[in-house]
Q: 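My questions all concern the structure below.
So that the names make sense, note that chain A is the first sequence line, chain B the second, and so on, each numbered from 1.
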Amino acid sequence: MKKFTVVFAAAVMAVSLAACGAEEESVQAPETEVEAQVEDGAEADVQDADADADADADADADADAAEDSDVVVMSYAEFVAADVDTEVVVETYVQDKQGWWENEGVGMATFYTQDKDGAYFLYNMPCSQEDYDAMVPGTKIRVTGFKSEWSGEVEIIDATYEILDGDTYVADATDLTDKIADAEALADYMNQYVSFTGLTVAEREGGAFTYGWDGSKAQGDDLYINLEDADGNVYTFVVESYLRGADTEVYQTVEAFNVGDTVDITGFMYWYEGPQVHVTIATVK
Amino acid sequence: MTMLLGGCHGSSGRAGFEMPESFDENTVYEIDFWAKNDTNKTQVEIYQKCVEDFEALYPNIHVNLKLYTDYSAIYNDVITNIATDTTPNVCITYPDHIATYMTGDGKIVMLDDIINDPRYGLGGSELRFDGPAADEIVPKFLEELELNGNLMGLPFMRSSEALYINKTYVEAMGYEIPDIPTWDWVWEVSEAAMEKNPDGTFAVNGQDVMIPFIYKSTDNMLITMLRQYGGGYSDEAGSILIFNETTGSILKEIASHGQTRAFSTFKISSYPGNFMNAGQCILAVDSTAGATWMGSHAPLSDIHDTKKVEFETVVRPVPQYDTSDIQMISQGPSICIFNKDDPQEVLASWLFAQFLLTNEMQERYSETEGYVPVTLKAQNDPAYLEYLSLGGTDNGLHYQVKIDCVKMVIDNTENTFITPVFNGSTSLRNAAGQMVENCVKTVRRSGTVDDEYLEQMYSDVSQMYRLGELKADNSISRDLGPLPVTAKVLLAAIVFTWICMGAYVLKEYLLKKKTK
């Protein structure tokens, strides 16, 4: 009786524990899915991206010469001439980048890139965190994607990239102060690193800036400012928070603007239904 | 063994909220309210006024307002904060999102019993404001927050989608605008608007740009078309049904008009209102909560005045397959209350949540956009009825397009639908939109959308959004039903074991006693 009871009890315990384990896994499944979406996705994705990168590197090593001969890299003029929705291949240099983030487990970031002839805006290009960190200003990359236009902004979307060894290039800002009133002329500099001097801070929604275009957002979101030229024309500039967040010097400098200040602005010639510079440097004179 | 079995039970969730006897007015409570606005400063001001008014009534409750302009940003922040138990007390959200928040026991306050509490429930005797009674909330909207027999939140505002039509251009093309447009009509007009002049400009507007039909939310587009057509999407148990023949035929039809450039999407081109107000789009589906951006004289606009053209805008229900069975999606913000250790803090949250349903809050917020109040109390308030009657008297508060949208949604409340809510329904919704975007992009890039393409896309999208990982039994707090036979056998065996052990101990005891 004693032996039977002990053996039977042990068997029941083992079965119970196994059953509990199975049940727990089942009950927790939804939570695991949530965590997977929010957290594990990043890791898995980086691993995928790393694996992809390794595979790419191996493939590159095996077939560098063949690939180089197959790839037809466009000049900037050819890119400009290409129709929207056509596939484009360009070699360009990273100038700046917005924050890295994940969408459904896929890491991505938006890059401002430029060569000596013109600039390319790479919108939400999938990349690993590691590659994102490696793509510092000046890094040369080959980008394959599709030319697109969104509210006037010409960009490359659904892009893939390859980091290239060799030379680096960081563009100097082009002063466009004398062209500020000519949107058509500014469009020729779309996405390039540009500067404007001697502009006056104009009122916007009763202040010198707004969080969001109408002030409906909060600190940490995009900062919008109105700047006036010598002829009294007013233009909208933006401190894009994904490019320069609330802890950056430019963000805090703009938050300290007063209506009537004279300022110099440097940034990227972004477009949204017209020129709308993404500001990276602001100086109060 | 008892401890082991107890440990197997496993949940470390918080106990459900129980209503205190009375609200503690001597302790200061801080509650965090995460609110969403439509990038609309007036809505922000209304929230701020609401907080001020509430704090005046309840001086020991301080509401910390955090502003968002994006539901997904709130969702991401809540998910992040669930892990650290630092969720807000109250937030504006979608029902889909609440379902995901509910994956942990006791994280969300279920409102079934609370709303009927005679003192602090809806219309309760101890409230310091004139809130709606439970039966004064539009039943259809309240039902949308029910999951497995539990009420997981309250509706805050409701909207739907509308078809905004450039009446001037459409009639100039020789078409009459039906009361209820069909998909066939929309596609026909869209293709006709692609006609060009000899100089290459479009005949309808004389410009170089014309995208006749733009749909803002492509997830809504596919969901609505499937609903109207009777095609599968998902069911209450969370089964994924979207990959079916009807979906394929709908996607092929959409793609065919994407190929001719008669149709595009927000993600591919831009906001429908920007194109419409410039005379470069004649049919646009967007939320009724975006009505103030639509039309020549829209109060809000992102395009320069010099780009705007003059035309008359009319509002219709979204295109239908069967005009005798109108189906349009119900959307809009809901209110979710998070559980906390202190029931008094939760009660403070509940009081504030109810305050969002007062007439003043409902009417003022509704008037900012094409939103419909969720209470019959507000909808039938004489002041609100007067507001609706003044549509078109100005291009601000009484902007005609906005008020037409509100009337359309009120008139079609019984024709609205929601999709089943379950953990993962957000991913499925995103996947639906992604498929439309993919198909349109593909044909714009000279690709082909055929059966082979669709099969591959279904696989890719399913993998990307992890739809294959969604189990049939993934709804939340489900009634698990009677115990299975194996479990009953197991429990019986455990009881039998204890009896045997007891019998053995008793036998030993008796033997020892007898020996002595």
Side-chain angles (χ1 to χ4, degrees), chain A residues 1-2 4-6 8-13 15-21 23-24 26-39 41 84-87 101-106 146 148-153 157-158 183 205 210-219 221 272-274, chain B residues 1 4-5 7-11 37-44 66-69 76 79-80 82-83 100 103-104 267-271 274 300 302-304 307 422-424 427 430 441 444-446 464-466 469-471 473-476 486-487 490 493-494 496-497 500-501 503-504 507:
Chain A
M1 180 69 178
K2 185 177 179 181
F4 169 77
T5 304
V6 169
F8 191 77
V12 167
M13 186 183 289
V15 173
S16 301
L17 290 174
C20 287
E23 187 176 350
E24 186 173 14
S26 172
V27 169
Q28 293 297 319
E31 194 162 354
T32 304
E33 189 221 359
V34 176
E35 289 168 1
Q37 284 180 355
V38 177
E39 296 166 7
V84 166
D85 293 318
T86 56
E87 189 174 43
W101 64 293
E102 281 184 285
N103 179 31
E104 297 290 344
V106 178
F146 291 87
S148 180
E149 184 178 335
W150 199 89
S151 272
E153 165 72 8
I157 64 170
D158 297 331
E205 299 283 337
T210 57
Y211 296 113
W213 75 278
D214 67 342
S216 60
K217 298 194 177 186
Q219 189 182 43
D221 286 304
Y272 176 70
E273 301 295 345
Chain B
M1 183 181 283
L4 280 167
L5 292 174
C8 288
H9 194 61
S11 172
N37 73 85
D38 303 311
T39 313
N40 184 315
K41 197 177 177 185
T42 307
Q43 292 172 353
V44 171
K66 186 175 179 182
L67 298 169
Y68 291 81
T69 55
N76 288 335
I79 290 293
T80 302
I82 279 178
T100 306
T103 52
K267 285 186 178 174
I268 291 172
S269 297
S270 188
Y271 292 97
N274 288 356
L300 301 175
D302 268 349
I303 66 171
H304 199 275
K307 279 184 158 184
F422 52 89
N423 180 21
S427 296
N430 292 338
K441 275 185 187 174
R444 287 172 66 99
R445 295 169 184 174
S446 305
M464 179 177 180
Y465 292 94
R466 301 164 197 246
E469 296 172 22
L470 300 181
K471 296 186 171 125
D473 186 5
N474 62 0
S475 56
I476 318 300
T486 49
L490 186 61
I494 291 170
F496 179 68
T497 304
C500 289
M501 289 166 68
Y504 175 78
K507 180 187 165 194

Q: Quick check on Y272(A) against chain B: is it the side chain, the backbone, both or neither that has a heavy atom closer than 4.5 Å?
A: side chain
Q: Determine the option with the most heavy-atom pairs under 4.5 angstrom with chain B, choosing from W150(A), W213(A), F146(A).
A: W150(A)
Q: When you measure from the side chain of Q43(B) to the backbone N and O of D38(B), does any donor-acceptor pair fall under 3.5 Å?
A: yes
Q: Between E87(A) and R445(B), is the closest basic N to carboxylate O distance under 4.0 Å?
A: no
Q: Side chains of T69(B) and K217(A): is there a donor and an acceptor less than 3.5 Å apart?
A: yes
Q: Side chain from CB out, backbone as N, CA, C, O: work out which of these in E153(A) comes under 4.5 Å of a heavy atom of chain B, or both, or neither.
A: neither
Q: Is D302(B) in contact with chain A via its backbone, its side chain, both, or neither, using a 4.5 Å heavy-atom distance?
A: both
Q: With chain A, which of N274(B), N430(B), I268(B), I303(B) has the greatest number of heavy-atom pairs at distances under 4.5 Å?
A: N274(B)
Q: Salt bridge check: are K307(B) and E273(A) linked by an N-O gap of less than 4.0 Å?
A: yes
Q: Contact part of S151(A) toward chain B, heavy-atom cut-off under 4.5 Å: side chain, backbone, both or neither?
A: both
Q: Residues in side-chain contact (heavy atoms from CB on, under 4.5 Å) with T42(B), at least two apart?
A: N40(B), I46(B), T368(B)
Q: At a 4.5 Å cut-off on heavy atoms, which part of L300(B) comes close to chain A: side chain, backbone, both, or neither?
A: side chain
Q: Does atom NZ of K267(B) have more than 12 heavy-atom neighbours from other groups under 6.0 Å away?
A: no
